[in-house]
Amino acid sequence: MNGKRNTFIGALLGGALTIAGSVQAGDLVYRPINPTFGGDPLAGNYLLNKAQAQDNNKDPDAPGRQSFSATDRLVQSLQSRLISQLLGDISTGKISEGSFESTDFSVTIQEQNDLINLRITDKTTGDVTDIQVGGLFNP
């Protein structure tokens, strides 16, 4: 029994050496896929879309989307309409100055030397924005 086993192992080793002797290795060549590293430039959009589809991370500092109630949307629409009317009245000469106050901001409009000076103050942050507009008056 031991002789058959040795013969089997010898035949197995001989077959393995024969196969190993005929195997040839080729050169390993690195071919980048990412266009940043020299790959095909047409693969860039594909790779970006795949990465974005797999991205589950959320930015903790990103402002969240707020869903406004119907009342909030109505208030924003009215504020926009009142400011628009105020600017329209100034440009047609009906009034030369005016202001608008809300809970979040105040707008003061003054006429000086054919220019309209707008001062917008954000009440929550205290930021002030000054804008000068010319050419709104009818000759």
Side-chain angles (χ1 to χ4, degrees):
M1 180 86 175
N2 211 4
K4 284 185 176 182
R5 184 173 183 205
N6 286 340
T7 306
F8 177 72
I9 291 176
L12 190 61
L13 283 174
L17 287 174
T18 304
I19 293 172
S22 64
V23 174
Q24 295 179 356
D27 293 335
L28 286 177
V29 178
Y30 173 71
R31 290 190 179 97
I33 296 173
N34 192 330
T36 304
F37 302 111
D40 182 12
L42 298 176
N45 284 338
Y46 171 77
L47 293 172
L48 179 62
N49 289 336
K50 292 293 273 186
Q52 287 174 339
Q54 296 172 11
D55 185 17
N56 295 350
N57 299 319
K58 303 291 180 215
D59 183 4
D61 298 330
R65 274 190 71 148
Q66 300 176 13
S67 59
F68 294 110
S69 68
T71 305
D72 291 336
R73 287 192 307 266
L74 176 64
V75 168
Q76 285 180 343
S77 177
L78 288 173
Q79 287 175 349
S80 176
R81 176 69 178 113
L82 289 172
I83 292 171
S84 176
Q85 181 67 43
L86 186 61
L87 288 172
D89 288 348
I90 289 174
S91 68
T92 58
K94 291 181 183 176
I95 58 173
S96 60
E97 295 184 351
S99 65
F100 176 77
E101 298 279 333
S102 75
T103 56
D104 297 328
F105 62 89
S106 67
V107 178
T108 305
I109 302 172
Q110 297 175 332
E111 177 191 349
Q112 291 177 343
N113 302 329
D114 292 334
L115 291 174
I116 295 178
N117 294 319
L118 289 130
R119 175 166 277 207
I120 303 167
T121 306
D122 187 343
K123 291 182 177 179
T124 57
T125 64
D127 291 337
V128 177
T129 303
D130 289 319
I131 301 172
Q132 288 187 343
V133 181
L136 292 178
F137 299 103
N138 292 335

Quick one, P32 and N34 - any side-chain contact, counting heavy atoms below 4.5 Å? no
Heavy-atom closest pair (P41 atom, P35 atom, distance to 0.1 Å) is CA-CB, 3.8 Å
Answer yes if I131 and F105 sit in the same cluster of Ile, Leu, Val, Met, Phe, Trp and Tyr residues linked by side chain heavy atoms under 4.5 Å apart, and no otherwise. yes
Whether over 12 other heavy atoms sit under 6.0 Å from I33 CD1: no
Determine, stepwise, if the pair D130 / N117 fulfils side chain to side chain contact (heavy atoms under 4.5 Å, CB included). CA-CA 7 Å; D130 289 319; N117 294 319; over 6 Å; no
Report the distance from atom CG of D104 to atom OG1 of T121, rounding to the nearest 0.5 Å. 12.5 Å
Stepwise side chain to side chain contact (heavy atoms under 4.5 Å, CB included) test for V128 and R119: CA-CA 7 Å; V128 177; R119 175 166 277 207; 3.8 Å; yes
For K123, does the NZ atom have more than 12 heavy-atom neighbours from other residues, nucleotides or ligands under 6.0 Å away? yes
Indicate yes or no for a side-chain donor-acceptor contact from D40 to the backbone of L42 under 3.5 Å, with no hydrogens or angles considered. yes
Main chain of N45, side chain of N49: is a donor-acceptor contact present, judged purely on distance under 3.5 Å? yes
